[in-house]
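In what follows, a single structure is set out as structure tokens and then discussed.
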Amino acid sequence: MNDSKAAVTADMPHTVKMTEKQPILSVRNLKQYFKIPGGNVVKAVDDISFDIMPGETFGLVGESGSGKSTTGRAVIRLDEITAGSITFDGDDISGKLNCDVTGRLRSNMSMVFQDPMASLNPYRKIIDTIATGLDAHFPHMNKKEREQRVYAIMDRVGLSSSQANRYPSQFSGGQRQRVGLARALIMNPKLLIADEAISALDVSIQAQVVNLMKDIQDETGAAYLFIAHDLSMVRYISKRIAVMHLGHIVEAGLTDEVFSHPVHPYTRALISAIPRCNPSTERVRKPLVYDAEASGISYTEGTLHCVTETHTILATQRQYEEWTK
Ligand SMILES: Nc1ncnc2c1ncn2[C@@H]1O[C@H](COP(=O)(O)OP(=O)(O)OP(=O)(O)O)[C@@H](O)[C@H]1O
Ligand SMILES: [Mg+2]
């Protein structure tokens with residue numbers, strides 16, 4: 001193994017130095033711990049760092065409970081973070097936020113939540129749900145203009161404006177997800193966090209919504225933090241991905257790089273579990289099994305190793321050498 005490739009660089013945490021552009025989002029050493037009854041602590045996110053560039057889609061993948069939603073919620077500051085720093089569009093949003101920064105954060109970053117039913121108020125007409133951002137930032141907008149803005153975004157996400165006065169229970173799961181998307185997009189955010197935004201949808205609808213998100217991104221230049229456990233969809237939409245396990249980012253890089261040369265055993269296991277389209281390769285596919293406990297891999301002992309300038313692995317030196325042999 002080329003030694004220069006194995007350099008450990010604390011200042012290049014799962015980030016990409018490809019352009020001179022500034023990231024729209026920089027997350028450094030983020031920790032999100034939760035105290036739970038009995039005096040225990042859940043380390044839901046444990047020291048992760050990544051950047052998202054303007055207009056790019058960054059995919060966050062990993063099994064259930066790996067810390068993906070917690071990362072999204074921490075980034076948009078729904079939870080008080082335990083440690084680390086988050087910079088969004090030039091503002092430090094890690095500590096206590098003043099009114100100006102809160103205003104910029106709420107109008108420039110939005111989130112589509114994992115559970116559309118739980119995130120929609122059942123007693124609010126969807127016109128009012130979708131207009132939430134407008135009402136907060138433009139309280140004096142006249143009724144006609146507000147309506148037009150809502151109808152336009154409903155149309156954009158494939159909902160009919162004739163449905164605007166209905167309640168969430170009168171929508172299907174797929175339609176509710178579109179309502180969530182409309183609510184998130186109405187402010188034309190610079191960063192959209194899409195937390196399993198399409199997982200609850202039928203496969204045919206998933207493709208429609210992902211293509212819609214791509215089109216909207218082309219039009220608006222929004223960056224996406226796309227959280228999902230369906231690797232195929234993440235692969236399709238993301239330029240770069242990070243693989244999370246047990247609160248850590250174990251591998252990150254350009255999507256093609258990670259899919260064609262996965263290095264971490266957890267990533268290898270995840271990728272080997274994806275069904276193949278070709279029946280003859282699918283018949284002989286043997287998914288790898290990764291048991292974190294049995295493997296003896298301690299993520300806290302690992303440091304970042306660069307496989308290439310754009311591809312990083314969390315590992316000890318010995319593990320890194322073994323995995324890249
Ligand atoms: N408010 C909380 N209090 C205590 N534990 C929490 C809290 N929120 C999340 N956790 C725990 O943190 C861990 C990560 O949860 P998280 O919801 O981020 O996972 P996830 O990767 O989004 O999973 P999924 O794919 O199932 O959505 C889990 O063990 C979860 O139980
Ligand atoms: Mg989740």
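Remember, predicted model here, so these are calculated numbers, not experimental data. Start at 1 and go down the list; that is how both ligands and their atoms are numbered.
Distances from atom 20 (P) of ligand 1 to the heavy atoms of G65, G247, A228 put G65 nearest.
Annotation for ligand 1: atoms under 4.0 Å from non-hydrogen atoms of T70 are 9 (C), 14 (C), 15 (O), 16 (P), 18 (O). The atoms of ligand 1 that sit less than 4.0 Å from any heavy atom of S66 are 19 (O), 21 (O). Close approach of ligand 1 to G67 is summarised as follows: ligand atoms under 4.0 Å from at least one heavy atom of the residue are 14 (C), 18 (O), 19 (O), 20 (P), 21 (O).
Residues I81 and Y33 are members of separate hydrophobic clusters, defined by side-chain heavy-atom contacts under 4.5 angstrom among Ile, Leu, Val, Met, Phe, Trp and Tyr. L78 is connected to I86 through a chain of hydrophobic side-chain contacts under 4.5 Å among Ile, Leu, Val, Met, Phe, Trp and Tyr, so both are in one cluster.
Closest to atom 27 (O) of ligand 1 among all protein heavy atoms lies Q114 NE2, 2.8 Å. Atom 24 (P) of ligand 1 has as its closest protein heavy atom S64 OG, 3.6 Å. Nearest protein heavy-atom contact of atom 17 (O) of ligand 1 is S69 CB, 3.8 Å. In this structure, atom 11 (C) of ligand 1 lies nearest to the protein heavy atom V42 CG1, 3.9 Å. Closest to atom 4 (C) of ligand 1 among all protein heavy atoms lies F34 CB, 3.4 Å. For atom 25 (O) of ligand 1, the nearest non-hydrogen atom of the protein is K68 NZ, 2.7 Å.
Heavy atoms of I36 found under 4.0 angstrom from ligand 1 belong exclusively to the side chain. Contacts between H229 and ligand 1 below 4.0 angstrom, taking non-hydrogen atoms only, involve the side chain exclusively.
With Q319 contributing its side chain and H264 its backbone, the two residues share no donor-acceptor pair below 3.5 Å. Side chain of H248 to backbone of T300: no donor-acceptor contact under 3.5 angstrom is found. The backbone N or O of L159 sits nowhere less than 3.5 Å from a side-chain atom of R178 that would complete a donor-acceptor pair.
In this structure the side chain of D47 never reaches within 4.5 angstrom of the side chain of Y299, judged on heavy atoms. For the pair M109/K190, no side-chain contact is recorded, criterion being any heavy-atom separation below 4.5 Å from C-beta on. Between E147 and I127, some side-chain heavy-atom pair lies under the 4.5 Å cut-off.
No N or O atom of A44 sits closer than 3.5 Å to an N or O atom of ligand 1.
In this structure, atom 31 (O) of ligand 1 has no protein heavy-atom contact shorter than 4.0 Å. By the definition of a contact as any protein heavy atom under 4.0 Å away, atom 13 (C) of ligand 1 is in contact.
Backbone or side-chain N, O or S atoms of Q114 reach the Mg ion (ligand 2) at under 2.8 Å. The Mg ion (ligand 2) has no N, O or S atom of S64 under 2.8 Å away, backbone or side chain.
In this structure, K214 forms a cation-pi arrangement with Y236, its terminal cationic atom sitting closer than 6.0 Å to the ring centre and no more than 45° off the ring axis.
When only modelled atom types and interatomic distance are considered, E251 and T312 share no side-chain donor-acceptor pair under 3.5 Å.
Between F50 and F58, the ring center distance clears the sub-6.0 Å criterion.
The shortest separation from a heavy atom of G62 to ligand 1 is not under 4.0 Å, leaving the residue out of contact.
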